[in-house]
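What follows is a set of notes on a single structure, which appears directly below.
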Amino acid sequence: MSLRARPIALLALLVGLLAVVAAGCGGSDNGSSGSSGSSGSSGGKKFKIGVSNTLVGNGWREEMICSVKAQALASGQVSEVLVHNVNGDASAQIQGIRNLISSGANAIIINPADRSALDPVIKEAARRHIVVVAVDQAVDAPEAYVVTNDQVAYGKLGAEYLVKALGGHGNIVEMRGISGVPADDDRHTGFTDVMKQNPGMKVVKQTFTDWSFGPAGKQANDILNSNLKVDGIWTSGIDYVVVDALKKAGQSKVPVIGADNNKFLSQLIDGAPGAAVTNPAAIGGVGTAIALDALNGKNPSKKTTLTPQVWDMKSSADTIKSFYDPKLPPTYSSQMIVKPYTTYTKDQLTGCQGP
């Protein structure tokens with residue numbers, strides 16, 4: 001090689017080396033922007049997910065939190081799940097959400113205690129670029145993603161079942177959840193609309209159970225031990241204790257509307273009349289999947305609504321038997337997987353282990 005050619009060759013070699021380095025850097029950047037699938041990118045950012053819950057000791061809510069943890073683990077994109085539990089009203093929840101903001105949460109999954117009272121703290125989170133997802137119950141804040149079971153339909157479907165079962169005539173007990181919370185209001189709306197359309201159906205008693213099985217069982221016993229004639233009982237998911245009370249009172253032929261709770265499914269299998277209206281606690285996992293999509297810039301829909309199903313032993317015996325699991329607690333919500341959103345396994349959900 002001539003002396004004049006050497007500088008040109010060295011320059012070409014240097015340019016080639018720089019190109020290789022640049023290509024390597026480009027590959028690293030692409031690897032960090034993975035999608036929000038179940039496995040996540042090994043080089044991607046890990047997020048912190050917060051959970052705000054205001055009903056402690058309730059099996060459905062506990063499973064909801066487990067579904068958040070399970071989906072976070074399955075995604076491979078979450079470093080930590082921060083849970084704030086408190087038995088309280090909207091003001092207590094607001095303080096809890098602020099604590100989650102201060103703890104560095106990138107997204108917060110909330111089961112709201114009130115439809116509008118949380119709007120200011122949701123806006124506060126949004127200003128800090130924190131994704132907020134309301135699950136199970138809706139909020140008014142436009143900044144929030146809302147992921148719910150169709151609660152109006154929940155109330156309506158159960159009421160329609162009772163109308164059909166009783167031939168349009170009968171005395172009905174309505175056992176609601178917590179007064180003033182969005183899900184209870186919406187379910188009551190659906191239930192009441194059906195009652196208004198069927199004047200032969202009379203609501204002779206209404207109670208608030210606070211979605212607690214012990215108090216609900218006592219309420220049912222008190223009603224059945226009175227002189228009140230009861231032909232059907234609609235519950236907002238506090239079901240198996242009502243079936244137990246009916247059996248104790250010698251009124252086991254009275255149909256009960258409940259949710260997809262594990263023990264209630266076993267009672268339906270054993271011959272108790274009535275139907276389960278699905279309300280999956282896995283809604284927490286659905287909300288987590290949507291939060292991760294939002295964090296990854298996928299622009300998910302602001303509103304996701306699951307349609308409840310009605311299960312009875314005439315039309316859905318195989319479904320009921322397939323979901324019932326004698327190894328699980330009586331209050332366990334049996335519809336554990338919600339496709340295409342949740343990607344965890346049943347063992348990951350029941351294990352309740354986050355990342």
Side-chain angles (χ1 to χ4, degrees), residues 58-60 154-178 184 187-188 191-192 194-195 198-279 310-321 323-326 328-334:
N58 177 277
W60 192 95
Y154 179 100
K156 179 180 178 181
L157 290 169
E160 288 176 341
Y161 183 93
L162 286 177
V163 170
K164 185 176 180 180
L166 298 174
H169 295 82
N171 290 352
I172 306 301
V173 174
E174 181 191 13
M175 301 185 73
R176 299 177 62 175
I178 297 176
D184 182 77
R187 291 178 183 184
H188 176 66
F191 171 85
T192 302
V194 174
M195 293 297 108
N198 294 274
M201 304 287 284
K202 301 185 184 301
V203 180
V204 294
K205 183 72 174 179
Q206 180 190 93
T207 70
F208 286 95
T209 66
D210 291 340
W211 283 311
S212 295
F213 285 88
K218 184 179 184 306
Q219 289 173 6
N221 282 321
D222 290 344
I223 293 168
L224 296 171
N225 287 330
S226 69
N227 293 323
L228 189 65
K229 183 177 183 295
V230 176
D231 300 304
I233 301 178
W234 180 97
T235 80
S236 188
I238 304 299
D239 39 39
Y240 73 84
V241 293
V242 176
V243 175
D244 288 342
L246 285 165
K247 185 176 181 180
K248 182 179 178 182
Q251 300 185 52
S252 57
K253 293 185 179 180
V254 173
V256 174
I257 299 300
D260 54 320
N261 295 313
N262 197 45
K263 185 173 179 179
F264 185 56
L265 295 190
S266 75
Q267 291 171 329
L268 294 177
I269 293 170
D270 290 340
V277 183
T278 61
N279 183 51
V310 180
W311 297 346
D312 72 348
M313 287 302 290
K314 288 184 179 179
S315 63
S316 310
D318 290 343
T319 300
I320 291 172
K321 290 176 181 178
F323 277 101
Y324 170 64
D325 187 341
L328 292 176
T331 61
Y332 216 85
S333 173
S334 298

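Throughout, numbering of the chain's residues begins at 1 and tracks the sequence.
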- Answer yes or no: is there a side-chain heavy-atom contact under 4.5 Å between L246 and V256? yes
- Message: How long is the straight-line distance from OG of S212 back to CD of Q219, given to the nearest 0.5 Å?
- Response: 9.5 Å
- Item | With sequence neighbours excluded, residues passing ring pair (Phe, Tyr, Trp, His ring centres under 6.0 Å) with Y161 | none
- Query: Going by heavy atoms in the side chains, are M175 and K205 under 4.5 Å from each other?
  - Reply: no
- In Å, rounded to the nearest 0.5 Å, how long is the span from CD1 of I172 to CG of N198? 10.0 Å
- Item | Sub-4.5 Å side-chain heavy-atom contact between F323 and W311 | yes
- Quick one: CG on L268 to CG on D239, what's the gap to the nearest 0.5 Å? 8.5 Å
- Note on the structure: G217 and A245 have their tightest heavy-atom pair at O-CB, 4.5 Å
- Item | CA sep, side-chain torsions, deciding dist, call: H169, M201, side chain to side chain contact (heavy atoms under 4.5 Å, CB included) | CA-CA 5 Å; H169 295 82; M201 304 287 284; 5.6 Å; no
- Task: Give a yes or no on whether the backbone of N171 and the side-chain of D231 come within a donor-acceptor separation of less than 3.5 Å.
- Result: yes
- Note: K248-D244 ion pair, threshold 4.0 Å (strictly below): no
- Note on the structure: By side-chain contact (heavy atoms from CB on, under 4.5 Å), P255 pairs with (sequence neighbours left out) L162, L166, P273
- Item | Heavy-atom side-chain contact between V194 and W234 under 4.5 Å | no
- Do the side chains of N279 and W60 get nearer than 4.5 Å, heavy atoms only? yes
Which pairs of donor and acceptor atoms, one on a side chain in residues 313-320, lie under 3.5 Å apart (sequence neighbours left out)?
unit_1, atom_1, unit_2, atom_2, d
S315, OG, D312, OD1, 2.5

- Note on the structure: One should read off an interatomic distance between T192 OG1 and K156 NZ, to the nearest 0.5 angstrom, of 13.0 Å
- Is there a side chain to side chain contact (heavy atoms under 4.5 Å, CB included) between V204 and K229 once you walk through the steps? CA-CA 8 Å; V204 294; K229 183 177 183 295; over 6 Å; no
- Can you list the residues that meet the ring pair (Phe, Tyr, Trp, His ring centres under 6.0 Å) rule with Y332, with sequence neighbours excluded? none
- Is a donor on one side and an acceptor on the other found under 3.5 Å between the side chain of T207 and the backbone of T209? no
- Heavy-atom closest contact (A276 atom, A259 atom, distance): CB-O, 3.2 Å
- Query: Heavy atoms, side chains only, cut-off 4.5 Å: are F191 and E174 in contact?
  - Reply: yes
- Message: Can you give me the closest heavy-atom contact between Y154 and T278, atom names plus distance?
- Response: CD1-O, 3.9 Å
- Message: Between N261 (side chain only) and G237 (backbone N and O only), is there a donor and an acceptor less than 3.5 Å apart?
- Response: yes
- Message: Are I257 and I233 packed together at the side-chain level, in the sense that at least one heavy-atom pair is separated by less than 4.5 angstrom?
- Response: no
- Message: Treating N262 as the side-chain partner and S334 as the backbone partner, does any N or O pair qualify as donor plus acceptor under 3.5 Å?
- Response: no
- Message: Using only atom types and a distance under 3.5 Å, with no angle test, would you say the side chain of D260 pairs donor to acceptor with the backbone of S333?
- Response: no
- P330: what forms a side-chain contact (heavy atoms from CB on, under 4.5 Å) with it, not counting sequence neighbours? Y240, K263
- Task: List in chain and number order the residues that pass side-chain contact (heavy atoms from CB on, under 4.5 Å) with D184, two or more places apart in sequence or in another chain; answer none if no residue qualifies.
- Result: R176, V181, F208, W211
